[in-house]
Amino acid sequence: MRRNREGLLVVLSGPSGSGKDTVLSELAEHADEDIALSVSLTTRERRSWEVDGTHYYFVTRDYFEQKLKAGEILEHTCYCGNYYGTPKSTVDEWLARGKTVILKIEVEGAERIRSLYPECVGVFLLPPSLEVLAQRLMGRKSEDAAEIQRRMEIAADELRHASEYDYLILNDELDYAVSDLRAVIRAERQRTCRRKYMISEVTQC
Ligand code: 5GP
């Protein structure tokens with residue numbers, strides 16, 4: 001019998017610098033084939049370590065706006081002057097194939113996804129403190145001081161939405177955060193609402 005016939009949509013939010021990318025890349029290292037990470041489109045500049053098509057699809061504003069007009073973007077936001085958006089087709093296709101699809105998006109986008117997919121599971125990644133968050137943003141040397149300041153302001157606002165999520169994961173130690181996220185996914189996959197088909201397959205009716 002197939003273990004994961006029903007798809008699961010996980011929305012992962014958390015302030016810039018909370019470690020979403022690191023947690024997800026660790027998760028993906030040892031993930032089963034049922035986990036699929038959605039790759040967003042963005043108009044922001046690529047950071048030196050980022051790979052086009054893996055971290056984001058780096059696109060022009062014109063291209064993004066075309067996709068938006070064509071209805072190919074599930075949700076989008078403008079963050080620090082750049083567009084970010086989730087491609088629609090891959091998400092729906094993966095969910096229909098029973099995948100666990102993870103969207104790494106900010107709080108406004110998460111709200112939109114919740115209204116479109118009420119059964120989705122929201123996870124908020126918490127940094128241990130605002131000081132640590134600021135240090136992490138400064139440490140990666142990809143933004144100037146003004147951009148870091150803006151990201152910290154947005155972070156304070158995003159933290160006010162943390163209680164709207166189903167799960168809060170503290171990222172003070174990477175290994176714990178990754179295993180906590182894995183535990184959430186594992187438990188959510190086994191919710192009765194996603195496994196009802198198993199009962200009829202066992203009883204063959
Ligand atoms: P960054 O520039 O640090 O990669 O991303 C800035 C913020 O945009 C992060 O909070 C990130 O999770 C969010 N983000 C990335 N892709 C998307 C997307 O497709 N939609 C929305 N709403 N937010 C996104």
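Counting starts at 1 for both ligands and their atoms, following the listed order. These values consider heavy atoms only, across backbone and side chains, with no hydrogens, waters or symmetry-generated copies.
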Quiz item: Should the pair Lys69-Glu65 be classified as a salt bridge under the 4.0 Å nitrogen-to-oxygen rule?
Solution: no

Quiz item: Does Lys104 come within less than 4.0 Å of Asp21, counting only side-chain N to carboxylate O?
Solution: yes

Quiz item: Considering only protein heavy atoms, which is closest to atom 23 (N) of ligand 1, and at what distance to one decimal place?
Solution: Glu106 N, 3.2 Å

Quiz item: Counting from 1, what ligand 1 atoms have a heavy atom of Tyr56 closer than 4.0 Å?
Solution: 1 (P), 4 (O), 5 (O), 15 (C), 16 (N)

Quiz item: So which bit of Arg112 gets within less than 4.0 Å of ligand 1, heavy atoms only: side chain, backbone, both or neither?
Solution: neither

Quiz prompt | atom 3 (O) of ligand 1: the protein heavy-atom neighbour that sits closest, reported with distance to 0.1 Å | solution = Arg151 NH1, 2.7 Å

Quiz item: Of all the non-hydrogen atoms in the protein, which one sits nearest to atom 12 (O) of ligand 1, and at what distance?
Solution: Lys20 CE, 3.2 Å

Which atom pairs, donor and acceptor, lie under 3.5 Å between side-chain atoms of residues 167-178 and protein residues at least two apart or in another chain?
unit_1 : atom_1 : unit_2 : atom_2 : d
Tyr167 : OH     : Glu188 : OE2    : 2.6
Asn171 : ND2    : Ser18  : O      : 2.8

Quiz item: Got the closest protein heavy atom to atom 2 (O) of ligand 1, with its distance?
Solution: Tyr84 OH, 2.5 Å

Exercise. Using a strict 4.0 Å cut-off to heavy atoms of Arg44, name the atoms of ligand 1 that fall inside it.
Key: 1 (P), 2 (O), 4 (O)

Self-check item: Side-chain ion pair, Glu119 and Arg191, N-O less than 4.0 Å
Solution: no

Practice problem: Heavy-atom contacts with Arg47 under 4.0 Å: which atoms of ligand 1 show up? List them by number with element. | Solution: 1 (P), 2 (O), 3 (O), 4 (O)

Quiz item: Shortest non-hydrogen contact from Arg186 to Gln190?
Solution: O-NE2, 2.9 Å

Self-check item: cation_pi(Arg61, Tyr83) dist<6.0 Å, angle<=45
Solution: yes

Exercise. Consider ligand 1: state whether an atom of it lies below 4.0 angstrom from any non-hydrogen atom of His55.
Key: no

Exercise. Using distance alone, determine whether Gly85 and ligand 1 share an N or O pair under 3.5 Å.
Key: yes

Quiz item: Is Arg47 close enough and on-axis enough to Phe58, meaning under 6.0 Å and within 45°, for cation-pi?
Solution: no

Quiz item: atom 19 (O) of ligand 1: which of Ser40, Ser13, Ser38, Ser18 has the nearest heavy atom?
Solution: Ser40

Practice problem: Identify the protein heavy atom lying closest to atom 20 (N) of ligand 1, giving its residue, its atom name and the separation to 0.1 Å. | Solution: Glu75 OE2, 2.7 Å

Practice problem: Could you see which bit of Glu108 sits under 4.0 Å from ligand 1, with heavy atoms only: side chain, backbone, both or neither? | Solution: neither

Self-check item: Residue list, ring pair (Phe, Tyr, Trp, His ring centres under 6.0 Å) with Tyr117, at least two apart or on another chain
Solution: none

Quiz item: Which atoms of ligand 1 have any heavy atom of Lys104 under 4.0 Å away?
Solution: 12 (O), 14 (N), 15 (C), 16 (N), 17 (C), 24 (C)

Quiz item: Hey, which atoms in ligand 1 end up nearer than 4.0 Å to a heavy atom of Thr77?
Solution: 21 (C), 22 (N), 23 (N)

Self-check item: Note: Glu153-Arg150 ion pair, threshold 4.0 Å (strictly below)
Solution: yes

Exercise. With heavy atoms of Ser16 as the reference, note each atom of ligand 1 found under 4.0 Å away.
Key: 3 (O)

Quiz item: Should the pair Glu108-Arg112 be classified as a salt bridge under the 4.0 Å nitrogen-to-oxygen rule?
Solution: no

